[in-house]
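Beneath this line is the structure, given in structure tokens, with notes to follow.
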Amino acid sequence: TIQRRWRLPRWAAIALLYVAVLGPIIIAGVIFGPRLVGQTRLLVIRGPTIIAGLIVNIVGVGPYSAFGAATDSQQLAAALIDAISTTLGTPSNALHLASGVAEVGLSAFLSLVVSIYLLADTDRVENVLLRLVPRDRRHEVHNVSSEIHQTLARYMRRQLILLVLLGSVTYLGLRFIFHLRYALPLAITTGVVELVPFIGPVVAGTIASMIALSQSGTNLMLGVIAFYLVVRQLEDQVVTPVVLGNAVELHPLIVIFSVLAGGALFGILGTLVAIPVAASIKVLLDYWPKLTAPPNQDIDQTADPPVRS
């Protein structure tokens, strides 16, 4: 840990950790925040116009006949704007949206406060929990919990690296290869929805391809689709199994099958927690001989736990 490696007081180690985590986020917000807000606002404002452009590219300029009435893309866009304005202008919906935003903000603040207290009192919490374990098993249980903690910490760090890498590659491709408008919010959306396996990347690619179609037609849309497919294949076949598999010391096949099994059993939530659960099970299996051996009995040292990376 930072505290032991640099021999810092616990409060200083916690402060340094939060600076290291929140500092880059704040810096990125200062640098890219105005551009992100501007592009996102422009995307929201021009959303109906983008949809109208999609209609023109797909079915032609019009006019169209729907339910016995003639209309065109601009009228459809105007109707969509009115519908959005009416929906957002309803007091109950506005109150519900505001309460949802406030709830998310409060949850994030409380999570930050709780994490600070847990980091400050880690040893005390661990000692309280270890008292529930028989005395002759406390050493082994402590080793197992420490190994699981280190494994999950490596996984979360490398998962964050993966999301940042994917968002960066997506932004560079959309901005400098395809010159797509709204590249920054699209790249951030791609990185965030990556937390939802399978479904998230499809949603991100669909949104980007639709914007490409409205901006410059079919050729640009096909290029963006091909770009997302290539990035996705590289991520699935190379980056995810190798990076995350090494992070949790799992074979790439176990990583893949864990995600598939988690999705089949518990849906999206199962795919999110499949790799951490598989990694925890592996640690338990590594320590199982020592956990189940009679007290004070020597264990075959050839079954030592794996060395932490």
Side-chain angles (χ1 to χ4, degrees), residues 15-54 77-78 80-85 87-89 93-113 115-116 156-157 159-196 200-201 203-216 220-221 223-225 227-228 231-232 235:
L16 182 61
L17 175 63
Y18 274 92
V19 169
V21 172
L22 298 179
I25 297 177
I26 295 175
I27 294 174
V30 172
I31 296 175
F32 297 104
R35 179 182 298 180
L36 174 63
V37 172
Q39 290 189 7
T40 303
R41 180 174 177 274
L42 194 60
L43 178 60
V44 172
I45 292 175
R46 294 184 177 178
T49 304
I50 293 175
I51 295 177
L54 290 175
L80 183 57
I81 293 175
D82 292 339
I84 294 175
S85 301
T87 301
L88 294 179
N93 291 336
L95 180 62
H96 179 71
L97 178 61
S99 63
V101 173
E103 182 179 355
V104 171
L106 180 61
S107 298
F109 175 75
L110 291 178
S111 299
L112 179 63
V113 173
S115 66
I116 293 175
M156 294 302 298
R157 286 195 300 267
Q159 181 72 22
L160 179 61
I161 292 173
L162 180 65
L163 298 184
V164 173
L165 177 63
L166 181 63
S168 302
V169 170
T170 303
Y171 174 74
L172 293 175
L174 296 181
R175 175 68 177 84
F176 297 103
I177 297 178
F178 300 101
H179 305 286
L180 196 65
R181 302 189 189 103
Y182 324 114
L184 185 57
L186 288 175
I188 294 178
T189 301
T190 300
V192 171
V193 299
E194 185 66 21
L195 294 173
V196 183
V203 173
T206 301
I207 295 174
S209 61
M210 292 298 99
I211 292 179
L213 177 62
S214 66
Q215 175 177 320
S216 188
L220 184 60
M221 181 192 71
V224 170
I225 292 176
F227 172 75
Y228 268 84
V231 171
R232 184 63 191 177
E235 179 192 359

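Only heavy atoms go into these numbers, but all of them, side chains included; no hydrogens, no water, no symmetry mates. Small disclaimer: the values here were computed from a predicted structure and weren't measured.
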Enter the distance from Leu165:CG to Glu235:CD here, rounded to the nearest 0.5 Å.
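Reported value, rounded in 0.5 Å steps: 9.0 Å.
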Is a side-chain N or O of Ser214 found less than 3.5 angstrom from the main chain of Ile211, in a donor-acceptor match?
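Present.
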Considering non-hydrogen atoms only, spot the tightest contact between Ile225 and Ser209 and give its length.
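Closest approach of Ile225 to Ser209, heavy atoms only: CG1-CB, 3.6 Å.
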Over all atoms of both residues, closest heavy-atom pair of Pro34 and Gly29:
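Answer, listing the atom of Pro34 first, then Gly29: CD-O, 4.0 Å.
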The criterion is side-chain contact (heavy atoms from CB on, under 4.5 Å); which residues satisfy it with Ser216, sequence neighbours excluded?
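side-chain contact (heavy atoms from CB on, under 4.5 Å) check on Ser216 returns Leu220.
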Under the side-chain contact (heavy atoms from CB on, under 4.5 Å) test, which residues partner Leu172, sequence neighbours left out?
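Per chain and number, Leu172 pairs via side-chain contact (heavy atoms from CB on, under 4.5 Å) with Phe176.
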Check whether any side-chain heavy atom of Met221 lies under 4.5 Å from a side-chain heavy atom of Gln215, and answer yes or no.
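Met221 does not reach Gln215 side chain to side chain.
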Ignoring hydrogens and angles, write down the donor-acceptor pairs under 3.5 Å from the side chains of residues 184-193, residues two or more places apart or on other chains.
residue	atom	partner	partner atom	Å
Thr189	OG1	Pro185	O	2.7
Thr190	OG1	Leu186	O	2.8
Thr190	OG1	Tyr228	OH	3.0

Determine which pairs satisfy side chain to side chain donor-acceptor pair (under 3.5 Å) with at least one residue from residues 168-179, sequence neighbours left out, and list them in order.
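For residues 168-179: Arg35-Tyr171.
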